[in-house]
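All residue numbers refer to positions in the sequence shown, counting from 1. Both ligands and their constituent atoms are indexed starting at 1 by order of listing.
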Amino acid sequence: MNHKEQLARQTLTEVMKKLYSRGLISIYGGNASLLLSDDNALLITPSGFNKENLREEDLVKVDFASGKVLGEGKPSSELKTHMSIYKANSAVHAVVHAHPPTLVGLCTSGFDFGVYTPEQALLVGKPMVIKFCMGEELAKQVSSLCLDSSTVVVKNHGVFAWGPTVIEAYAKIEILEEAAKMVVAGNAMGGFIVNSLSDEQVLGILKNYKPSH
Ligand SMILES: [Zn+2]
């Protein structure tokens, strides 16, 4: 195993532990993958593993062209969705899927989730929301949106986020859940509704700030 792959395994494992420790997945939930461009392969979390105790060697290597497992292990059941995102958008090098409860709860309720913070405006934007679906249909729907957005919320399920690195894909989920908590906290104060940023404010943010990476 080369140094790049070793580093990729370490980062992916750390991201899954972070998702669990921050309440963004339950212990068997979520999955993440990244492309190993040099090997024309991807690394993905294994199916059904305890994410708190996930080890670097538990990650499953999959041939990108055929989708076949290289070596041992059973890949996440969401492998198809991950592969379809990479194939639809060549700028994507990592995909993270989690179950952030506040964000998914708001979107499942039909709440029109806007843009609430400068960080969200700069790094995420407004998430796309789709009805609950699974398998081939999920892969088809998410990949059809992945050129227009970098996050898709699946009602009654979770969120998919992607980007050039696994940390950036992870950050999008954290930023959205933070904004969702802010909306709920504001709305809990007796009918006060947290307004989303206006289009003009979002444009101002994009003009005045640049992403920190
Ligand atoms: Zn899920």
Should side-chain heavy atoms under 4.5 Å link Ile, Leu, Val, Met, Phe, Trp and Tyr, which residues sit in the same cluster as Leu203?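 Same cluster as Leu203: nobody, lone residue.
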Mind checking who shares a hydrophobic cluster with Leu147, ILVMFWY linked at side-chain heavy-atom distances under 4.5 Å?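 Once heavy-atom contacts under 4.5 Å are chained together, Leu147 still belongs with nothing else.
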Lys/Arg N to Asp/Glu carboxylate O, Arg9 vs Glu5, below 4.0 Å: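 Counted as a salt bridge, because a side-chain N and a carboxylate O are separated by less than 4.0 Å.
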Ion pair Asp199/Lys126, N-O distance below 4.0 Å: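 Not counted as a salt bridge, because no side-chain N and carboxylate O are separated by less than 4.0 Å.
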What is the ring orientation for His82 with Phe160, classed by angle as parallel under 30°, tilted 30 to 60°, or perpendicular over 60°?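 His82 and Phe160: perpendicular rings.
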Which residues satisfy the salt bridge (Lys or Arg N to Asp or Glu O under 4.0 Å) test with Glu57, sequence neighbours excluded?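 So Glu57 forms a salt bridge (Lys or Arg N to Asp or Glu O under 4.0 Å) with Arg55.
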Within-2.8 Å protein N/O/S contacts of the Zn ion (ligand 1):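 Checking every protein N, O and S atom gives His97 NE2, His99 NE2, His157 NE2.
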